[in-house]
Amino acid sequence: MSERARNTLTVIAVAAMAALLVVLVATNPSSPDRIEAIGERIKCPVCQGESIAASPSPMARDMMALVAERVDQGHSDEAIVDELLSSYSGAVLLDPPRSGLTLILWIAPLAALLIGIGVILWWRRHPPDATPAVPSLERSRAWRLAPLLILAGAFAVIVVVAGFFLQDRAGPASGVADLAGQDLDEVSNETMEAVIAANVDNPQVDGMRLALAERYYEVGDFRSAFPHYLAVAGSGAASDPQAVTALIRLGWMTWEGNREATTAIDLLDEALAIEPDSDTARFLKAQVLWCGNGDLEQAADLIEEVLDHSELNPESRQVVESDLAAIRAGEPCA
């Protein structure tokens, strides 16, 4: 084989390696493309046949925000899809999982190796043509080794690049704990309801339950808040501060919403059994005793205990002192 033909084959082999490398790079889409592609695969739980990428609903926006966060953290596409399907009730795949791109990443290095072997075998079967100007032994060996070294180097580059991309795609898996640990101020009520419904028996969502219940409570939606407070209070964490908050809210809603003084006092007593220093539980119990049972003496004692605590801010202290004065004067509660 002439030197020109040998050089041509070397160029072709290196070009083949470069082409395979380009394929590898092309199969690793940018983050925005990945986010959009994942979103197109998931049906919006509250929409009519729309993907979360196309839907303008708050839940779909929250789900897309989660996808973007997980992509930034290096999670794999399948791990992100699995988390969405397990965490959002009603979310389903709009198309089957695709594995073609990952398959190319595995096949490319093997193809490069086969091409390299083929080129080397060709060289062995077609040795260089003899010429009058015979090169030295060292130069001849160098020429024979050059194609092998070039191919081996190209193959090593492709293997390294493929390994990098595959490692990036196989990032850490995520679970409910990650979802429950998000900044809940950024999550809609609708999304929190879906996550809780999908993980109803998981105590890790108690924090999300409580945050959602507090939202409902603040706008006076006791009907929506009640089941979440009840679930937190009965989650089994007897010394959990979250349970104290839930019991206090349940007690006050029971009185405020239904005027059930006995049940309200029982719930507030449960909170005090867990946290005896809770000024909030004491004050609300005093209110129920005063307004519901007409027990002015016990109500006054509880309010005096609240006033003994210096942690009260001036505004709260003024309200408590005003109530104590009204109780001592025998006035009906406002």
Side-chain angles (χ1 to χ4, degrees), residues 180 183-185 187 189 192-193 196 203 205-334:
D183 181 3
L184 297 182
D185 290 338
V187 182
N189 292 1
M192 289 164 68
E193 288 283 13
I196 292 167
V205 298
D206 280 354
M208 183 177 287
R209 274 191 183 278
L210 189 59
L212 181 58
E214 292 284 89
R215 287 187 187 179
Y216 290 139
Y217 180 86
E218 289 170 3
V219 298
D221 187 358
F222 290 177
R223 183 184 296 274
S224 297
F226 194 90
H228 293 298
Y229 282 131
L230 191 63
V232 174
S235 64
S239 60
D240 193 339
Q242 292 180 340
V244 174
T245 300
L247 287 166
I248 290 173
R249 296 297 199 212
L250 287 169
W252 186 246
M253 287 191 302
T254 300
W255 165 249
E256 186 81 354
N258 300 319
R259 296 295 170 181
E260 295 180 9
T262 302
T263 303
I265 290 172
D266 288 344
L267 290 166
L268 292 167
D269 281 340
E270 284 188 49
L272 286 167
I274 298 173
E275 190 177 326
D277 294 332
S278 173
D279 287 332
T280 302
R282 280 200 193 93
F283 180 73
L284 294 180
K285 181 179 177 181
Q287 294 290 318
V288 177
L289 288 168
W290 177 22
C291 302
N293 290 359
D295 189 342
L296 303 184
E297 183 178 355
Q298 190 177 356
D301 290 342
L302 286 170
I303 289 185
E304 285 177 353
E305 289 179 18
V306 173
L307 287 171
D308 287 340
H309 291 186
S310 60
E311 292 84 0
L312 290 174
N313 60 53
E315 184 179 350
S316 298
R317 181 170 291 276
Q318 184 178 357
V319 171
V320 176
E321 288 175 345
S322 176
D323 284 347
L324 180 59
I327 292 171
R328 284 176 175 168
E331 296 177 8
C333 73

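Count residues from 1 along the sequence.
To the nearest 0.5 angstrom, Leu272 atom CG is 10.0 Å from Leu247 atom CG. The distance from atom CG of Leu307 to atom CG of Leu302, rounded to the nearest 0.5 Å, is 11.5 Å. For the atom pair CE (Met253) and CZ (Arg223), the distance works out to 12.0 Å, reported to the nearest 0.5 Å. Taken to the nearest 0.5 Å, the NZ atom of Lys285 stands 12.0 Å off from the CG atom of Leu267. The CD atom of Glu321 sits 11.0 Å away from atom CD1 of Ile303, with the distance rounded to the nearest 0.5 Å. For the atom pair CD1 (Ile265) and CD (Gln298), the distance works out to 7.5 Å, reported to the nearest 0.5 Å.
Without hydrogens or angle criteria, Arg282 side chain to Pro276 main chain gives a donor-acceptor distance under 3.5 Å.
Remark: Glu305 CD is packed, more than 12 non-hydrogen atoms of other residues, nucleotides or ligands lying under 6.0 Å away.
Closest approach of Ala281 to Ala271, counting heavy atoms only: CB-CB, 4.4 Å. When every heavy atom of Met208 is checked against every heavy atom of Met192, the shortest pair comes out as O-CE, 3.4 Å. Counting all heavy atoms, side chain and backbone alike, Ala300 lies closest to Ile327 at CB-CG2, 3.9 Å. In this structure, Ala261 and Gly292 approach most closely via the heavy-atom pair CB-CA, 4.4 Å.
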TODO: Check step by step if side chain to side chain contact (heavy atoms under 4.5 Å, CB included) holds for Phe226 and Thr254.
DONE: CA-CA 9 Å; Phe226 194 90; Thr254 300; 4.3 Å; yes

Open item on the list: Leu212 vs Asn189, test: side chain to side chain contact (heavy atoms under 4.5 Å, CB included). Steps then yes/no.
Closed with: CA-CA 7 Å; Leu212 181 58; Asn189 292 1; 3.7 Å; yes

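Within the 4.5 Å cutoff, side-chain heavy atoms of Thr262 are placed close to those of Asp266. Side-chain contact between His228 and Leu210 is absent, with no heavy atoms from C-beta onward closer than 4.5 Å. Side-chain contact between Trp290 and Asp295: absent, with no pair of heavy atoms (C-beta onward) separated by less than 4.5 Å. Counting heavy atoms from C-beta on, the side chains of Asp206 and Arg209 come closer than 4.5 Å.
In this structure, Arg259 forms a cation-pi arrangement with Trp255, its terminal cationic atom sitting closer than 6.0 Å to the ring centre and no more than 45° off the ring axis.
Between Phe222 and Tyr217, the ring planes lie parallel to each other; the angle is under 30°, not in the 30° to 60° tilted range.
If you run side-chain contact (heavy atoms from CB on, under 4.5 Å) between Ile248 and each of Thr245, Leu250, Val244, only Val244 comes through.
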